[in-house]
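What follows is a single structure, written as structure tokens, with notes after it.
Throughout, residue positions are numbered sequentially from 1 according to the sequence presented.
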Amino acid sequence: MKSYCSYPLIFLSLLGSLNYFCFVCGADPTDGFTQVPLTEANIKLQKPYDIPLSERYSFVNGTHKMWVYADDKPHDPKSATQPRTEIRITGLDYSSGVWQFEGYGFVPNGTSGATVAQIHGAAHGATTIILRIYDGNMRYYSGDLIATDMYDKWFRLNLIHDVDGGRVSVFINGEEKFSTHDQGPGDLYFKCGVYAAPRNISYYMESRWRGIKIYRK
């Protein structure tokens with residue numbers, strides 16, 4: 001004779017497995033993090049030093065639009081760096097712990113050879129990570145491929161830096177796409193916008209950002 005009393009137990013076991021499966025599938029990069037208050041005072045704009053900000057930046061309906069030309073000046077007359085129009089998150093520099101940048105980015109077709117997000121600062125070199133767009137693809141500096149087909153669409157970027165663990169990870173639209181060792185601790189901070197690469201750049205470069213948030217553990 002069959003025992004029907006075991007059926008509810010089997011059902012509950014399957015339901016528990018399903019709930020666990022859904023929890024794992026629904027995991028978000030920000031789970032376990034606490035959002036850090038971000039105000040206008042934390043948004044510092046860097047742009048070519050010889051022109052007004054309004055000629056390289058706009059903020060409309062919550063969207064930061066930043067653009068630059070290959071023959072623009074650097075952000076400081078004493079700098080020998082490439083041209084940029086970037087948001088530098090200030091007042092939230094860090095040197096330990098686990099920190100995260102989140103933002104929704106957009107890169108128009110034609111922008112190439114441009115850094116669109118980075119963590120500045122490191123023990124070795126000037127940066128911990130640079131995310132560049134080349135011909136519609138996102139790369140780690142000019143090397144490892146992170147994501148493809150990035151042009152003309154909004155994407156969610158989560159950039160997680162575990163300083164004590166020496167690890168940095170990149171999530172695109174909630175999915176981890178890349179992880180690597182960092183460059184050692186330092187005075188660290190997040191940036192986004194457009195910053196020309198040393199070579200192979202388009203004449204016009206642009207990115208747009210909205211929904212910028214900072215988290216930490």
Mark yes or no for whether [X], through its side chain, and [Y], through its backbone, hold a donor-acceptor pair below 3.5 Å.
X: Trp67; Y: Val194; answer: no
X: Thr148; Y: Asn137; answer: no
X: Ser207; Y: Val116; answer: no
X: Ser79; Y: Thr81; answer: yes
X: Ser202; Y: Tyr204; answer: yes
X: Thr111; Y: Glu206; answer: yes
X: Glu176; Y: Phe171; answer: no
X: Lys153; Y: Asp149; answer: yes

Is there a side-chain contact between [X] and [Y] (heavy atoms, below 4.5 Å)?
X: Thr30; Y: Gln100; value: yes
X: Asp152; Y: Val107; value: no
X: Leu38; Y: Ile212; value: yes
X: Met150; Y: Ile133; value: yes
X: Tyr203; Y: Asp71; value: yes
X: Leu159; Y: Val168; value: yes
X: Ile129; Y: Asp182; value: no
X: Asp76; Y: Tyr49; value: no

Requested in this report: Evaluate the criterion side-chain contact (heavy atoms from CB on, under 4.5 Å) for residue pair Leu45 and Ile87; output intermediate values, then yes/no.
Outcome: CA-CA 5 Å; Leu45 272 298; Ile87 289 174; 3.9 Å; yes
Measure the spacing between [atom1] of [X] and [atom2] of [Y] and express it to the nearest 0.5 Å.
X: His75; Y: Lys73; atom1: NE2; atom2: NZ; result: 14.5 Å
X: Asp93; Y: Asn42; atom1: CG; atom2: CG; result: 10.0 Å
X: Gln183; Y: Ile119; atom1: CD; atom2: CD1; result: 10.5 Å
X: Ile89; Y: Tyr94; atom1: CD1; atom2: OH; result: 11.5 Å

Query raised in the report: Would you call the rings of Tyr215 and Phe33 parallel, tilted or perpendicular if under 30° counts as parallel and over 60° as perpendicular?
Result: perpendicular
Report task. For the pair Phe101 and Trp209, name the ring-plane relationship: parallel under 30°, tilted 30 to 60°, perpendicular over 60°. Result ->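 Because their plane-to-plane angle is over 60°, the rings of Phe101 and Trp209 count as perpendicular.
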Regarding [X] and [Y], do their side chains bring together a donor and an acceptor under 3.5 Å, going by distance alone?
X: Thr34; Y: Arg216; value: no
X: Tyr189; Y: His120; value: yes
X: Tyr141; Y: Thr115; value: no

Is there a path of hydrophobic side-chain contacts, each under 4.5 Å between heavy atoms of I, L, V, M, F, W or Y residues, that connects [X] with [Y]?
X: Ile43; Y: Leu53; answer: yes
X: Tyr134; Y: Met205; answer: no
X: Tyr151; Y: Met138; answer: yes
X: Leu131; Y: Ile160; answer: no

Heavy atoms only: give me the nearest [X]-[Y] pair and the separation to one decimal.
X: Ile201; Y: Ala70; answer: CD1-CB, 3.7 Å
X: Val68; Y: Pro83; answer: CG2-CB, 3.6 Å
X: Arg132; Y: Ser142; answer: NH1-OG, 2.8 Å
X: Val163; Y: Pro185; answer: CG1-CB, 4.1 Å
X: Asp164; Y: Gly97; answer: OD2-N, 3.4 Å
X: Ile146; Y: Arg139; answer: CD1-C, 3.8 Å

Query raised in the report: Out of Lys47, Met66, Lys191, which residue meets the side chain to side chain contact (heavy atoms under 4.5 Å, CB included) rule with Arg84?
Result: Lys191
Salt-bridge criterion met for [X] and [Y] (N-O under 4.0 Å):
X: Lys217; Y: Asp162; answer: no
X: Arg156; Y: Asp28; answer: yes
X: Glu86; Y: Arg88; answer: no

**Report entry** Pair Phe190 and His161, ring centroids less than 6.0 Å apart
**Finding:**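 Ring-ring flag for Phe190/His161: false, centres at least 6.0 Å apart.
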Query raised in the report: Does the ring center of Phe155 lie less than 6.0 Å from the ring center of Tyr104?
Result: no
Query raised in the report: Given Thr63 and Phe106, is the side-chain contact (heavy atoms from CB on, under 4.5 Å) satisfied, shown in steps?
Result: CA-CA 10 Å; Thr63 297; Phe106 181 98; over 6 Å; no
Query raised in the report: Could you go step by step and tell me if Val170 and Ile172 meet the side-chain contact (heavy atoms from CB on, under 4.5 Å) rule?
Result: CA-CA 7 Å; Val170 180; Ile172 304 293; 4.2 Å; yes
Query raised in the report: What's the verdict on side-chain contact (heavy atoms from CB on, under 4.5 Å) for Arg208 and Trp154, showing C-alpha distance, side-chain angles and the deciding distance?
Result: CA-CA 9 Å; Arg208 306 169 200 170; Trp154 286 98; 3.9 Å; yes
Requested in this report: I would like to know whether Arg167 and Thr180 meet side-chain hydrogen bond (donor to acceptor under 3.5 Å, both in side chains); could you show each step before the answer?
Outcome: CA-CA 6 Å; Arg167 200 86 189 163; Thr180 187; 5.5 Å; no
